[in-house]
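Below is one structure, written out as structure tokens; the observations come after it.
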Amino acid sequence: MADIRLEGVGHSYDGGRTWALKPLTWTWRDGRAYALLGPSGCGKTTLLNIISGLLSPTVGRIWFGEREVTSVPTAGRNIAQVFQFPVLYEEMSVYDNLAFPLRNRRYPKAEVDQRVRTVSRLLGLDDQLGRRSRRLDPGRQQIVSLGRGLVRPEVAAVLLDEPLTVIDPALKWTLRSKLKEIHRDTGHTLVYVTHDQTEALTFADEVVVLKDGEIVQSGTPAELFLSPAHEFVGHFIGSPGMNVLPAETADGLVMVGEAVVGRAVGELPPGPVNVGVRPEFVRITAHDPPGLQARITGVDRMGAYHLVHAEAGGHELVAKVDADSAYSPGTTAFFHFADAAFLFRDEVRCGSIAPLEGRREA
Ligand SMILES: Nc1ncnc2c1ncn2[C@@H]1O[C@H](COP(=O)(O)OP(=O)(O)OP(=O)(O)O)[C@@H](O)[C@H]1O
Ligand SMILES: [Mg+2]
């Protein structure tokens, strides 16, 4: 097993007029568990199918370690792929379905049995092994499909395309943790496609965020949360997502409307930028300029915390604050963004915001 390297790989379904996947260079490191996260239509399945060979990229080359596989068909790539909906032999028993990928590659009988039983135990299929697959409900059939993808010990990678869509929500969480367990056991490279941030963050060592056919950032869940490199990552990850406010930089200061909200850090020519700050890092004080004065429009009491909604210069702003705080709609307060606040230009991070010198701490 080895790294999977994409070199300038891109795909167009319409002869180059639009790119479902813009040419990118990227390495999937051997043995890591990745989530490929992005909204519908951003190119996740396209990228996965290019790795497995179901789709031949319009441009670029693909390497599995030292071996170039760009023109190698799926069967020669040794990839296990699990799709959104069950793919299995309905007339075969669950046991035979799980055993099929191994028998097909002439594994010794004892090893087939041992692998099938390990996977079946982990996925909770032990009491189903003798049943005909056609008789299972769609959720169970999908778990068998998942098992078929995980049963082979020697694959170059396991690619999972929204594999838990048809699974009951209560069972999803269990299956995800089983998947992690199997990953620890086999050490396969896993790429798990999802458009659900919770699924991505709870599953992966590394989350790769795809937008409009482009990887906009990759990192650990903490990195994506604490240090978004693209406005989209700020919106898509986090609940609620990052606040974005139009601003200007001048003389090293960041201005939102007339308010100075901090010092600009980074090489920034004067001009428009966006300030991005997650609700978790907005602090509110009653009377403490500098800071952005905003009118509180509503408070959501969430039990463990409050979400304070506010409006400043026609822009909405949310702060996540302690549940024992008492802010009232209709009042004004000062909103401070000196921690983990960033500057974005054309959606891409170009700097950050530091506290003003000598600023009074709230
Ligand atoms: N066979 C095809 N022919 C033409 N266009 C396609 C084809 N498959 C996908 N596309 C287009 O390519 C883009 C990327 O599609 P893709 O299926 O890779 O997205 P996705 O991220 O997997 O979306 P979803 O979350 O809905 O599965 C979309 O604009 C889609 O409409
Ligand atoms: Mg898809």
Side-chain angles (χ1 to χ4, degrees), residues 4 6-26 28 33-62 69-71 73-74 77 79-88 138-139 141-143 145-146 148-149 157-167 169 172 175-176 179 189-204 206-219 221 224 228-239 241 347:
I4 295 177
L6 309 177
E7 240 178 53
V9 165
H11 194 73
S12 170
Y13 289 101
D14 55 12
R17 264 187 300 132
T18 59
W19 290 88
L21 191 69
K22 294 177 187 150
L24 56 81
T25 293
W26 176 257
W28 305 97
Y34 292 92
L36 182 57
L37 175 69
S40 185
C42 71
K44 303 181 296 294
T45 298
T46 302
L47 179 51
L48 223 56
N49 288 346
I50 285 174
I51 300 171
S52 67
L54 287 177
L55 195 63
S56 181
T58 312
V59 294
R61 299 167 74 179
I62 306 156
V69 299
T70 314
S71 51
T74 310
R77 292 200 190 184
I79 293 264
Q81 196 163 1
V82 180
F83 301 91
Q84 204 167 358
F85 299 102
V87 178
L88 34 70
Q141 288 182 340
Q142 180 64 3
I143 298 173
S145 298
L146 195 59
R148 284 165 53 92
V158 181
L159 311 179
L160 307 127
D161 197 348
E162 311 239 9
L164 304 184
T165 308
V166 295
I167 308 281
K172 271 189 184 176
L175 282 173
R176 260 200 323 267
L179 210 52
T189 308
L190 285 191
V191 183
Y192 184 106
V193 164
T194 177
H195 60 259
D196 177 336
Q197 58 155 319
T198 312
E199 245 182 59
L201 299 178
T202 52
F203 171 76
E206 183 169 345
V207 180
V208 178
V209 184
L210 199 62
K211 178 192 184 253
D212 297 336
E214 233 175 313
I215 294 176
V216 291
Q217 188 173 8
S218 75
L224 298 182
H230 193 282
E231 279 183 23
F232 179 75
V233 174
H235 294 300
F236 204 66
I237 290 172
S239 178
E347 297 188 280

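What you are looking at is a predicted structure, and each value in this text was computed from that prediction instead of being measured. Values reported hereafter were calculated over all heavy atoms of this structure, with side chains retained and with hydrogens, waters and symmetry mates removed. In each ligand, atom 1 is the first atom listed, and ligand 1 is the first ligand listed.
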Trp19 vs Glu214, side-chain contact (heavy atoms from CB on, under 4.5 Å): CA-CA, chis, key distance, verdict: CA-CA 10 Å; Trp19 290 88; Glu214 233 175 313; over 6 Å; no
In residues 35-51, what donor-acceptor pairs under 3.5 Å come from side-chain atoms, sequence neighbours left out?
{"residue": "Lys44", "atom": "NZ", "partner": "Gly38", "partner atom": "O", "Å": "3.0"}
{"residue": "Lys44", "atom": "NZ", "partner": "Pro39", "partner atom": "O", "Å": "3.0"}
{"residue": "Thr45", "atom": "OG1", "partner": "Asp161", "partner atom": "OD2", "Å": "2.7"}
{"residue": "Thr46", "atom": "OG1", "partner": "Tyr13", "partner atom": "OH", "Å": "2.9"}
{"residue": "Asn49", "atom": "OD1", "partner": "Gln81", "partner atom": "NE2", "Å": "3.0"}

As an exercise, state the distance from CG of Leu175 to CD of Gln142, rounded to the nearest 0.5 Å. 9.5 Å
Considering non-hydrogen atoms only, spot the tightest contact between Tyr34 and Phe203 and give its length. O-CE2, 3.8 Å
Would you please test Leu160 and Leu146 for side-chain contact (heavy atoms from CB on, under 4.5 Å) and show each step? CA-CA 8 Å; Leu160 307 127; Leu146 195 59; 3.5 Å; yes
Contacts of type salt bridge (charged side-chain N to carboxylate O under 4.0 Å, His left out), residue Lys172, not counting sequence neighbours: none
Pocket residues around ligand 1 (non-hydrogen, under 4.0 Å) come out as Tyr13, Ala20, Pro39, Ser40, Gly41, Cys42, Gly43, Lys44, Thr45, Thr46, Glu162
Any protein N, O or S atom under 2.8 Å from the Mg ion (ligand 2)? Found Thr45 OG1
Distance-only, no hydrogens or angles: does the Thr58 side chain make a donor-acceptor pair with backbone N or O of Ser12 under 3.5 Å? yes
Distance (rounded to the nearest 0.5 Å) between Thr198 OG1 and Arg176 CZ: 7.5 Å
Taking all non-hydrogen atoms of both residues, which atom of Phe232 and which atom of Leu210 are closest, and how far apart? CE2-O, 4.1 Å
